[in-house]
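Worksheet: the structure to be examined is printed underneath.
For ligands, and for the atoms within them, numbers begin at 1 and follow the listed sequence. What you see below is based on every heavy atom in this structure, not just the backbone, and it leaves out hydrogens, waters and symmetry mates.
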Amino acid sequence: MCGIVGGVTDKNITPLLLEGLNRLEYRGYDSSGLIVLSQKNSFDRARSVGKVSNLEKNLKLRNKEINGNIGIAHTRWATHGEPSSRNAHPHISKNTVSVVHNGIIENYIELKNSQIRQGYEFKSETDTEVIAHSIDLEMNSCTSLVESVQKAVKSLQGSYGIGVISSKYPDQIIAARKGSPLLIGIGENGNYIASDQMALLSTTKKFIYLEEGDIAEVKLDKVTIYDLNGKIVNRPAQESKLKAGQANKGNFDHFMQKEIFEQPQAIRDTLESRITNNSVISSSFGHQADEIFRSITQIQIVACGTSYNAGLVAKYWMEDIAKIPCNVEIASEYRYRRPIILDQTLFIALSQSGETADTLEALKIAKKLNNTLKSLCITNSPESSLTRLSDLTFLTHAGPEIGVASTKAFTTQLVSLALLLCAIGKLKGSISKMQESEIVSGLKKLPGLINETLLQEKQIMHLAKRFKNNSSALFLGRGTMHAIAMEGALKLKEISYIHAEAYPAGELKHGPIALIDKNMPVIAIAPNDELLEKLKSNLQEVKSRGSQMIVFEDESSKVQSMDAMEVIQITSNLGRITAPIIFTIPLQLLSYHVALEKGTDVDKPRNLAKSVTVE
Ligand code: AGP
């Protein structure tokens, strides 16, 4: 999930490349680099380890500016080869071809061995370098750069979005994609390529989305696109509605903190125009929504990470309240296991970014396996690949989420899934008007309830101080709270680097209880629901084994506080739909403050990227 940006313009391209890289940093920040064809048609390249700001510093230290009208740039999330300058893109072959790549070349070892035999020298440990050499090799027998790329990509197995420039063809960039996103930006003073329109929004709003197997020849005043079979095709440009505005932290120290506090507004925005008189407007899921929802007999949700956890909550809701069978699966498993997809299944792809490679692939495979399948994507990204592939789209309207750890995207996904629950249940006759009205009025109370819950921050800060020296933690919950426990554990792992696991509280005695001692803190979620008494017994089992405990409870849950047990009251009388959303908030705050105590990079934790566009 690296980020690519490039362009052919009538002015110096370097500032545009740097701006694009900054906007693409959410795709990876292990290293970054750019290359420009100078006036003398020679390559001028700069690469740095770490964030784009390091590349900017590196450029400032040079005594000569990198200047030219054509260039490509890359921000990397390492797959093959450690994050280092020599593994950073762009890569060069024989001073003639330079390539930036997002994706994975699966047969790179085989290609590398053959290229070494043909005299090519490898300067990096990446899989990308073979692409540069393959193109250089083809240039010996081809009459254009586009033809060389067309031939070279035939030997590649795996996924790629690539940008290619050559000192022999100094008026063009070649862009090619298979399995990784890539688009063309059409500007007034030039034409551009990028992994995501965000990179180019301050330059153009006109985009052509390349399709699988497309190869584009991008020149100053002309873009020519060839399809999979090498035929010239017309791919119409679309006008983007997105705004270029750079997200900022306002008065907050981190994007994650800001995004936690934005949740009341984000939920208001998710609900806006989707409900009327305590009833869900089902057509907000799309024109065909009513027809599709009436016809389905089961639901398959597929997602990754935090989005998967949101899907798990929805499974409880869908089966218990709307009485419709619902399965949830991790996309990277689903896509490879040849699932049986019954007719009348609604496939739901849940994804903040709408670009997660595993989720996209799972949807494509499901469509191939059953061509009657109807699909809905719930995403925060209006013009993402997922929206283009799905029959129905529902936007979460959370606003840009910059922190790598997902917060407001999760709670707005839950709100969206609750609206979906009502829409499906109502159309299938399994949810009464009264039930729907109760659910919707509960959703409308969420912004106020979240604001109340955020007032617990001070108390949670104190807990975080004590927590920071732990090396592991167990999160417990039952029912939907198991999914919330999973989300709490994921948050703690990703930003504080503390090992954390989540278990359904009733499962503890089947093994994990062996881990419990005074060094294994347990965080439990105790809403006042029908499983409360069972959970209280589980807490006793843990307590009697000496664990330090933190219990987040509903005011009416009345969990008895004991030695080495901190009970924090959240709010009272939460319903089945509102409780999982509200109990998420203290867990987000806990992981945020533990990370602050530990001094980790909260918004850009190590080894991660905001959008995972490789498998
Ligand atoms: C959550 O905090 C993550 N960083 C990660 O698990 C994320 O939810 C996952 O990669 C899925 O992303 P998506 O929602 O954009 O598909």
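- Distance alone, capped at 3.5 Å, places no donor-acceptor pair between the Asp30 side chain and the Pro83 backbone.
- In this structure, Lys491 counts as a contact residue of ligand 1, since one of its heavy atoms falls inside 4.0 Å of the ligand.
- Distance alone, capped at 3.5 Å, places no donor-acceptor pair between the Glu125 side chain and the Asn87 backbone.
- Among all protein heavy atoms, the one lying closest to atom 10 (O) of ligand 1 is Val612 CG2, 3.8 Å.
- In this structure, a donor-acceptor pair under 3.5 Å is present between the side chains of Gln298 and Thr345.
- For ligand 1, the atoms lying closer than 4.0 Å to a non-hydrogen atom of Thr306 are 1 (C), 2 (O), 6 (O), 8 (O).
- Looking at Glu494 against ligand 1, only its side chain comes within 4.0 Å, counting heavy atoms.
- For atom 9 (C) of ligand 1, the closest heavy atom belonging to the protein is Cys304 O, 3.7 Å.
- Checked against a 3.5 angstrom limit, the closest N/O atoms of Val404 and ligand 1 fall inside it.
- The closest side-chain donor-acceptor pair between Thr75 and Glu25, if any, does not fall under 3.5 angstrom.
- Within a 6.0 Å radius of CG in Leu455, more than 12 heavy atoms belonging to other residues, nucleotides or ligands are found.
- Under a 4.0 Å criterion applied to the non-hydrogen atoms of Ser353, ligand 1 contributes the atoms 13 (P), 15 (O), 16 (O).
- In plain terms, the two heavy atoms of Ala502 and His482 that are nearest each other are O-NE2, 4.0 Å.
- Within the cation-pi definition used here (under 6.0 Å to the ring centroid, within 45° of the axis), Arg274 qualifies as a partner of Phe394.
- For ligand 1 and Ser307, the ligand atoms under 4.0 Å from any heavy atom of the residue are 8 (O), 13 (P), 14 (O).
- Taking a cut-off of under 4.0 Å to the non-hydrogen atoms of Ala405, the atoms of ligand 1 that pass are 2 (O).
- Using a 4.0 Å cut-off to heavy atoms of Ser406, the atoms of ligand 1 that qualify are 1 (C), 2 (O).
- Among protein heavy atoms, the minimum distance from atom 16 (O) of ligand 1 is reached at Thr356 OG1, 2.4 Å.
- In this structure, Arg388 is positioned above the aromatic face of Tyr209, its NZ or CZ under 6.0 Å from the six-membered ring centre and within 45° of the axis.
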